[in-house]
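Single-structure report; data block below.
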Amino acid sequence: MAAVGDIHVRETDRGKWEEYFAQVSQVADVLLLCGDLTDTGRTSEAEVLAHELKSCSIPVVAVLGNHDYERDHHKGIRKTLVKENVHLLDGDCIVIGDVGFAGVKGFGGGFDKGMLGMFGETMIKSFVQEAVDEALKLDGALSRLESEHTDLKKIAVLHYAPIRATVEGEPEQIFPFLGSSRLAEPINRRGVVAAFHGHAHIGTLEGETSKGVKVFNVSKPILMKEGFDPAVYILEV
């Protein structure tokens with residue numbers, strides 16, 4: 001499978017991505033898009049992406065990112081991409097071959113001992129609750145894969161990071177806004193093979209959870225910096 005995040009498609013990008021998606025289709029059997037599919041959260045940007053994806057001949061599994069929520073057009077973005085047969089996950093799961101994919105956007109809150117607790121003002125509690133809700137949605141999707149299928153390899157698709165290791169390289173002050181350890185709990189408990197995310201453009205390509213699950217930050221700027229051509233991470237599952 002191939003994975004990339006943070007492609008940030010713009011209204012002026014028509015024709016820019018066709019060759020890229022065609023190349024990816026030649027080297028993988030599934031493409032994961034790990035959020036920030038649009039640059040400023042406009043439905044018109046998603047329409048450009050939908051057009052470009054016509055050159056992609058393999059199944060596409062995706063989650064939305066924070067940029068896709070910027071203008072509150074996320075419902076329109078979702079509708080536009082689903083019409084192009086993108087499997088857009090938000091607490092949902094999809095099975096392709098012998099691999100099950102569970103996806104959520106995720107949220108921030110920080111990592112490990114620095115993780116924000118649900119204490120204090122209502123706004124702080126709401127912030128933490130969003131991360132809790134996203135983790136519960138991920139757990140629910142993974143649980144459905146477990147209950148409905150046997151001998152299935154499970155992959156988690158996220159935008160926000162579930163571990164600190166893959167955001168290292170970013171300014172430490174913004175770590176709480178790049179992901180949350182709460183997302184790692186269902187990944188550890190549900191026997192996930194690997195997790196993919198984006199969001200941290202100058203983070204670190206690879207890390208692992210406390211239980212040894214591989215986590216990959218496939219933000220496109222990182223893949224370009226690491227010399228991937230095309231800029232996509234390939235994993236044999």
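In this chain, residues are counted from 1 in sequence order.
With values rounded to the nearest 0.5 angstrom, Leu145 atom CG is found 12.0 Å from Thr150 atom OG1. To the nearest 0.5 Å, the span separating NZ on Lys154 from CG on Leu152 amounts to 6.5 Å. For the atom pair Lys83 NZ and Glu47 CD, the distance stands at 8.0 Å (nearest 0.5 Å). Atoms CD1 and CD, from Ile222 and Glu206 in turn, are 12.0 Å apart once rounded to the nearest 0.5 Å. Between the CZ atom of Phe21 and the OG atom of Ser57 there is a distance of 12.0 Å, given to the nearest 0.5 Å. Rounding to the nearest 0.5 Å places OG1 of Thr43 at 12.5 Å from CZ of Arg78.
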(message) Using side chain to side chain contact (heavy atoms under 4.5 Å, CB included), reason through Phe175 and Glu170 one step at a time and then give a plain yes or no.
(response) CA-CA 7 Å; Phe175 279 14; Glu170 296 277 2; 4.0 Å; yes
(request) Please test Ile234 against Met1 for side chain to side chain contact (heavy atoms under 4.5 Å, CB included), starting from the C-alpha separation and ending with a verdict. (result) CA-CA 6 Å; Ile234 304 294; Met1 74 183 65; over 6 Å; no
(request) Show your reasoning for whether side chain to side chain contact (heavy atoms under 4.5 Å, CB included) applies to Thr166 and Phe216. (result) CA-CA 7 Å; Thr166 50; Phe216 300 95; over 6 Å; no
(message) Go through it in stages, so that I can follow the logic: the residues are Tyr69 and Leu64, the test is side chain to side chain contact (heavy atoms under 4.5 Å, CB included), and I'd like the CA-CA distance, side-chain angles, deciding distance and then a yes or no.
(response) CA-CA 8 Å; Tyr69 280 78; Leu64 297 183; 3.9 Å; yes
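Between the Asp139 side chain and the Pro186 main chain, no donor and acceptor come within less than 3.5 Å of each other. In terms of modelled atom types and a separation under 3.5 Å, the side chain of Tyr160 and the main chain of Ala131 share no donor-acceptor contact. The closest donor-acceptor contact from the side chain of Glu11 to the backbone of Glu45 lies at 3.5 Å or more, if one exists at all. Of the possible donor and acceptor atoms, none in the side chain of Thr209 sits under 3.5 Å from a partner among the backbone N and O of Ala184. No donor-acceptor pair closer than 3.5 Å links the side chain of Asp68 to the backbone N or O of Gly41. Side chain of Glu52 to backbone of Glu18: a donor-acceptor contact under 3.5 angstrom is found. Side chain of His73 to backbone of Arg42: no donor-acceptor contact under 3.5 angstrom is found. A donor-acceptor contact shorter than 3.5 Å links the side chain of His67 to the backbone of Asp39.
Counting heavy atoms from C-beta outward, Val192 and Leu142 have side chains that approach closer than 4.5 Å. Using a 4.5 Å heavy-atom cutoff, the side chains of Cys56 and Leu31 are in contact. Here the side chains of Val61 and Val30 are in contact, with some heavy-atom distance below 4.5 Å. Arg10 has its side chain out of reach of Val48: every pair of non-hydrogen atoms, C-beta onward, lies at least 4.5 Å apart. At least one side-chain heavy atom of Gln129 sits under 4.5 Å from a side-chain heavy atom of Val132.
Thr80 and Ala50 make their closest contact through CG2-CB, 4.0 Å (heavy atoms, listed as atom of the first residue, atom of the second, distance). Here the closest non-hydrogen pair linking Val218 and Leu223 is O-CD1, 3.5 Å. Taking every heavy atom of both residues into account, His159 and Cys34 meet most closely at ND1-O, 2.9 Å. Of all non-hydrogen atoms in Ala200 and Asn217, the two that sit nearest each other are O-ND2, 3.0 Å.
Donor-acceptor pairing under 3.5 Å is recorded for the side chains of Ser210 and Asn188. Inspection of the Ser219 and Asp6 side chains reveals an N or O donor paired with an N or O acceptor under 3.5 Å. In this structure, a donor-acceptor pair under 3.5 Å is absent between the side chains of His8 and Thr38. His199 and Asn66 share a donor-acceptor pair across their side chains, judged by distance under 3.5 Å alone.
Ion pairing between a basic and an acidic side chain is recognised when a charged N comes within 4.0 Å of a carboxylate O; Glu172 and Arg164 show such pairing.
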Side chains of residues 94-116: which donor-acceptor pairs under 3.5 Å do they make with residues two or more places apart or in other chains?
residue, atom, partner, partner atom, Å
Asp112, OD1, Ser181, OG, 3.4

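Screening Arg189, Lys153, Arg190 for a salt bridge (Lys or Arg N to Asp or Glu O under 4.0 Å) involving Glu146 leaves a single residue, Arg190.
Within the structure, no pair that satisfies the side-chain hydrogen bond (donor to acceptor under 3.5 Å, both in side chains) test touches residues 228-237, not counting sequence neighbours.
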